[in-house]
Structures are given as structure tokens and as C-alpha cells.
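Naming: A, B, ... by sequence-line order, numbering from 1 per chain. Note that these values count all heavy atoms, side chains included, but never hydrogens, waters or copies made by symmetry.
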There are 2 protein chains.
Amino acid sequence: MVKFSKKLEYALISLRHISNAGDEVTRVRDISEKYSIPHDLLAKILQKLKKENILASSQGINGGYTLSRKLDEIPLSELVSVIENGTSIVECMHDEDNNCLINDSCTIKDPLSKIQNEFENILKTKMISDFV
Amino acid sequence: MVKFSKKLEYALISLRHISNAGDEVTRVRDISEKYSIPHDLLAKILQKLKKENILASSQGINGGYTLSRKLDEIPLSELVSVIENGTSIVECMHDEDNNCLINDSCTIKDPLSKIQNEFENILKTKMISDFV
DNA sequence: ATAAAACCGGACTAATATAGTCGTATTTAA
DNA sequence: TTAAATACGACTATATTAGTCCGGTTTTAT
């Protein structure tokens, strides 16, 4: 029901690897081979991290990735929202016009939303460095 | 990525309805019609709740469900683990013998497990009555 | 120039998880 | 004995996630 995706796991693995490499640039191939992660899939993930300014990239024959920000300054919530498309735990029963199908009696969504908020707060307080 | 299933929502709706009905037995059909939930699907959910001793059932023509336990004594975590098959947020990269594929370098799982623990603690502290 | 890298987007397939259906048995009040 | 209910497993359908493939462009050390 509630679980993180492979993509998030791949991202964490990559960030740890790149972090450990220090100033040396890391190629997608280095990571994909070492951890048996599909190259093309991983490449897309790292591109997203670059757009989010978590990674810096250099092109050309000796190109690759380095960290752009310190991992203790990046909350896990940021990584999650970059990798996944949206973080909603709760989805109400609604029709295509977003009208609630349970009409006036729906008091389920709000309480579940509170759980989602608490969950997101956990993600906000945890920095990526906590996982590396 | 992280969200609750329809089944959990259906279960909460049903528990609230049955709770409001007091001593009167509630048929699956009552709930499925009122909230537009597929009858057979809902029936299975309520059967699971009966096995977990959250609901009591009576068969036969005037049969139906009533509450078996008070809703303020049932943590949401119990409902989740009954409805979903397991509550694991984190799944490690492992082969069919459960050996970690990242060998010695895998330190991703443990930290993510901590998040899962915190999440489960939230579910444990919330009673079903908080959502009804 | 060439090779190897990031960069880009989209369409596609495959695998998995969730949602929902169907058929049939069992129970029981009337 | 019949109708209406729960009980239960096998099945199909849909949605989501994971991964592949294509067809490139741009950059840069050698």
C-alpha cells in the first residue's frame, strides 16, 4: 500500500555514491554498473536531480555528475517530490468534476489528510544526509 | 507514490456507517448502495474485518454486520495491516534468496526502515474512532 | 574529426499492484 | 423450501510503476 518507489531508492544510492566520490565526477555508467541499475532509467533520474539543482553536471568526454548542494541541506521531501509525480496519500472519491460522491456525509478525507500531513512532516525533517 | 488504497477508504466508510447503526445489523448492500461501492468487493473487505474480530456477522436472511469492538480501541495500523497485505514501505533490492544485491555497501534499507517505523507509529497512535 | 559523455523527449513494452467480477457454497428466518 | 444474506476462491480488468527504445542534440578532451 504505502511504499517508496525504486526510483527513490536509485536516487538515494546515486547521491550516496556521488557524495563519496567527492570532487571526482561520476558517470551514469559507473553507478548503473556497480549497483545493477538500468542505465537509461538512471540517466533520467539524475537529469531530474540536476534540474532540481541537487546535482551539477559537466558534459563532454570526461563529463559526469557531482553534488551541487550539501546533502544535509536537502530534505527527503524535496527528493520525493522531484522523483515521484505528487505525494498525495489520500485521494477522495470524486467524479471527473472533482465533486465528492459521498456528498455531505464525507468526513473521511479530512482526517486521512491529517495523516498525510504528519507523514509529509517526517519527510521534511529528514535530510538526505540521514540516509547516506 | 505513497497513498492509501480504496479498500482502506471503503473500510473506514463502512465502519463509520455500522457504528452509527448501533445495534441494528447492516447489510453489505446497505453500504454499497449508499456509497456506490461495488458490492462484491465490499463484501470481501467486511469479511476480512470479521476475521480480525473488528466486526461480528450473522448469516441468513436477516443477517449482516455489527461492531465487535469499540472503534476507539482499534488503531489504524491494525486496519491497514488487515486490508493491505503487509505495510512495508521499503523493499530492499534482493534476489529470490533474500540476499542483498548491493552486498556490503547497502546502507539504504536501514535508514528508510526508520522512516517506515515512524510512519507506523503514527498509524498506531491513531484510533479508527479518530476518523469516524 | 572523433568518441564519449550529458541532455532531451516521447513512445513503447513489461511487470506489478490494485480494483473489481463471477460462480458457488453455506446459513437461516419466514 | 425458498429467498436473502454471508463466505470464499478463482478470475478478469485497470492503473501504476519499471524499464526499454528511438532518434536525436550538445559538449569537450584528445
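Residue order along DNA chain D, read from the 5' end via each residue's closest nucleotide, puts L41(A) first among L41(A) and S58(A).
How far NZ of K6(B) is from CD1 of I45(B): 11.5 Å, rounded to the nearest 0.5 Å.
Here the closest heavy-atom approach between residue V25(A) and residue N62(A) is recorded as CG2-O, 3.5 Å.
Side-chain atoms of D40(B) lie closest to dT21(C) of the nucleotides dT21(C), dA19(C), dC21(D). When distances are taken from the side chain of Y65(A) to each of dA6(C), dA29(C), dT6(D), the shortest belongs to dA6(C). Residue Y10(B) has its side chain nearest to dG20(C) when only dA7(D), dG20(C), dC8(C) are considered. Nearest nucleotide to the R27(B) side chain, out of dA29(D), dC8(C), dA5(D): dA5(D).
The distance between atom CG of N62(B) and atom C1' of dT2(D), rounded to the nearest whole Å, is 14 Å. Following rounding to the nearest Å, E24(B) (CD) and dA5(D) (C1') show an atom-to-atom distance of 16 Å. The OH atom of Y35(B) sits 21 Å away from the C1' atom of dG20(C) (whole-angstrom rounding). Atom NZ of K6(A) and atom C1' of dT16(D) are 15 Å apart (whole Å).
With sequence neighbours excluded, the residues that form a side chain to side chain contact (heavy atoms under 4.5 Å, CB included) with D72(B) are K70(B), S129(B).
A close approach under 4.0 Å does occur between a side-chain nitrogen or oxygen of K51(B) and OP1 or OP2 of dC8(D). An OP1 or OP2 oxygen of dT17(D) is reached within less than 4.0 angstrom by no side-chain nitrogen or oxygen of K7(A). Under 4.0 angstrom from either OP1 or OP2 of dA7(D) there lies at least one side-chain N or O belonging to S57(B).
For dA5(D), its base never sits under 3.5 Å from the side chain of Q59(B) at any donor and acceptor pair. Judged by atom type and distance alone, K44(A) does not reach the base of dG19(D) through any side-chain donor-acceptor pair under 3.5 Å.
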Quiz item: So L79(A) and L49(A), side chain to side chain contact (heavy atoms under 4.5 Å, CB included) or not? Walk me through it.
Solution: CA-CA 8 Å; L79(A) 192 63; L49(A) 297 183; 3.5 Å; yes
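With H17(A) as reference, Y35(A) is the one residue of Y35(A), Y10(A), Y65(A) to meet the ring-ring contact (aromatic ring centres under 6.0 Å, His included) rule.
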